[in-house]
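For ligands, and for the atoms within them, numbers begin at 1 and follow the listed sequence.
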Amino acid sequence: MEQLYDVAIIGAGPAGLSAALYAGRARLSTLLIEKEKDGGQIVQTAEIENYPGSPEEESGPSLVAKMSAQADRFGAQRVKDAIVSVELSGDEKVIVGQKDTYRAKTVILATGASAAKLGCPGEAEFTGRGVSYCATCDGPFYNGLAVYVAGGGDAAVEEAIYLTRFARKVTIVHRRDQLRAAKSIQEKAFANEKIEFLWNSTIAEIKGEGLIGEIVVKNEKTGELTSLKPDPKDGLFGLFVFVGYHPQTELFLDQLDHERGYLITDEAMHTNLPGVFAAGDIRKKTLRQVVTAVADGAIAAVEANKYLEG
Ligand code: NAP
């Protein structure tokens with residue numbers, strides 16, 4: 001691509017979409033690059049109860065649809081491409097994708113984070129065969145069946161509640177005896193008769209033939225191993241894993257300062273390289289939520305504009 005954009009934004013989750021909106025309003029020539037579909041992690045969230053101003057029934061996809069339309073309204077150009085390398089140090093930033101190469105005077109990195117894995121034997125083998133990282137995608141398959149949820153944070157508990165729409169019973173398997181999730185979410189889970197808990201427990205192994213047929217759970221206090229199998233009447237069950245996220249920053253780590261993979265910025269989203277900004281879950285920060293991601297995106301775009309004005 002010949003054009004030299006004012007700003008190239010990599011990633012069209014809430015941070016990238018917000019950056020595109022603000023860059024568009026500043027009349028910057030803006031390229032928004034996304035490898036899959038808009039929205040990042042929140043397209044997998046069935047209910048958004050903590051984004052100020054959103055209606056009670058707001059889902060991740062419905063919120064993203066509004067953000068995307070708003071970014072488009074202010075003129076961001078879009079391209080679908082998977083970025084394979086970047087050169088961020090010069091005045092002209094070069095972004096190489098599988099389909100094309102893009103050039104821009106500034107770059108906003110907003111590639112977000114992806115689901116962390118349990119790391120136990122059988123997890124990779126049975127992913128898509130009973131092991132899932134997305135309740136909205138796979139929950140409906142478990143209508144009337146039992147499912148297990150690994151994790152104890154906001155995502156695990158919220159998605160467990162969502163899964164009770166389909167599943168007969170949802171058992172949260174958590175490695176401690178206290179949930180990490182926000183109290184308001186915990187209260188809903190404790191009040192839900194379909195939700196049970198296996199405390200101080202981790203998933204040691206996943207077994208089966210073709211489809212998941214057995215989950216081996218380890219009691220972290222006693223070391224005891226318990227084998228969980230589907231009810232013979234059901235014949236199958238599912239395991240949903242929500243044990244955190246990893247930043248998608250591999251392409252940038254040789255050029256940018258980071259801590260455990262999370263990019264280090266100042267309060268104004270500046271990385272250690274001039275003209276390069278980071279926004280959203282890829283940053284080292286204290287609260288990774290939609291509300292903080294969109295704020296980051298807005299700040300990054302305003303700062304990119306200031307940088308361009310010299
Ligand atoms: P999280 O808050 O980091 O929680 C991860 C959970 O998984 C923790 O309970 C952790 O246990 C457990 N865990 C981690 N590694 C494990 C392993 N190897 N085996 C077993 N359990 C393991 O992650 P999250 O729930 O995905 O949320 C990520 C961020 O998104 C958070 O900031 C969260 O607030 C936000 N979020 C917000 C909402 C919402 O408010 N609507 C919804 C989803 C996510 P320990 O508790 O023992 O560490």
Side-chain angles (χ1 to χ4, degrees), residues 13-15 39-64 112-124 127 131-137 139 148-163 170-190 195 197-206 215-221 225-226 228 239-248 260-262 279-296:
Q41 290 169 61
I42 62 160
V43 292
Q44 302 186 356
T45 301
E47 192 190 335
I48 306 269
E49 67 167 18
N50 55 356
Y51 188 69
S54 54
E56 214 168 289
E57 286 302 306
E58 190 82 276
S59 70
S62 68
L63 182 59
V64 165
S114 60
K117 306 287 183 284
L118 291 167
C120 69
E123 182 180 21
T127 294
V131 175
S132 170
Y133 303 87
C134 177
T136 40
C137 316
Y148 291 83
V149 170
D154 286 343
V157 182
E158 275 202 337
E159 299 310 308
I161 294 167
Y162 172 73
L163 285 165
V170 179
T171 306
I172 295 178
V173 182
H174 183 38
R175 64 183 177 183
R176 293 185 294 130
D177 61 1
Q178 274 187 344
L179 296 172
R180 180 180 291 280
K183 286 283 181 294
S184 65
I185 302 174
Q186 290 193 27
E187 284 162 12
K188 281 192 202 167
F190 291 136
I195 297 183
F197 294 87
L198 263 180
W199 300 110
N200 301 311
S201 300
T202 53
I203 311 291
E205 189 172 358
I206 300 161
I215 301 170
V216 181
V217 171
K218 181 180 177 193
N219 184 309
E220 289 295 322
K221 289 236 154 119
L225 295 175
T226 307
L228 306 171
L239 172 64
F240 289 82
V241 178
F242 300 105
V243 294
Y245 294 91
H246 290 310
Q248 298 184 141
R260 290 184 298 112
Y262 289 98
D281 284 8
I282 64 168
R283 286 179 60 222
K284 181 186 176 223
K285 61 196 286 195
T286 53
L287 183 63
R288 293 193 178 83
Q289 300 268 289
V290 179
V291 72
T292 60
V294 295
D296 286 2

Under 4.0 Å to a heavy atom of [X] - the qualifying atoms of ligand 1, by number:
X      : value
Gly244 : 5 (C), 23 (O), 26 (O)
Arg176 : 45 (P), 46 (O), 47 (O)
Glu158 : 39 (C), 41 (N), 42 (C)
Arg288 : 29 (C), 30 (O), 32 (O), 35 (C)
Phe242 : 7 (O)

Can any side-chain N or O of [X] pair as donor or acceptor with the backbone N or O of [Y] at less than 3.5 Å?
X      : Y      : answer
Glu220 : Ser201 : no
Arg288 : Asp281 : yes
Lys117 : Ala115 : yes
Thr202 : Ala204 : no
Thr127 : Glu123 : yes

With respect to [X], determine whether any N or O atom, backbone or side chain, lies less than 3.5 Å from an N or O atom of ligand 1.
X      : value
Tyr245 : no
Thr202 : no
Ala155 : yes
Gly151 : no
Gly153 : yes
Lys117 : no

Exercise. Would you say Leu225 and Val217 make side-chain contact, with heavy atoms under 4.5 Å?
Worked result: no
Seminar exercise, completed: Logged contact type for Gln289 with ligand 1, heavy-atom cut-off 4.0 Å, is side chain
Exercise. Under 4.0 Å from ligand 1, counting heavy atoms only, is it the side chain of Val243, its backbone, both or neither?
Worked result: both
Exercise. With respect to atom 18 (N) of ligand 1, which of Leu118, Thr292, Val157 exhibits the smallest heavy-atom separation?
Worked result: Leu118
Exercise. Minimum heavy-atom separation for Lys221 to Asn219, with atom names?
Worked result: N-OD1, 2.7 Å
Exercise. Minimum heavy-atom separation for Ile48 to Ser54, with atom names?
Worked result: O-OG, 4.0 Å
Problem set entry | Sidechain N-carboxylate O distance under 4.0 Å for Asp296, Lys285 | yes
Protein residue, atom and distance nearest to [atom], heavy-atom basis:
atom                    : result
atom 16 (C) of ligand 1 : Arg175 NH1, 3.4 Å
atom 38 (C) of ligand 1 : Asp154 CB, 3.7 Å
atom 48 (O) of ligand 1 : Arg180 NH2, 2.7 Å

Exercise. So Trp199 and His174, would you call those rings parallel, tilted or perpendicular, with 30° and 60° as cut-offs?
Worked result: perpendicular
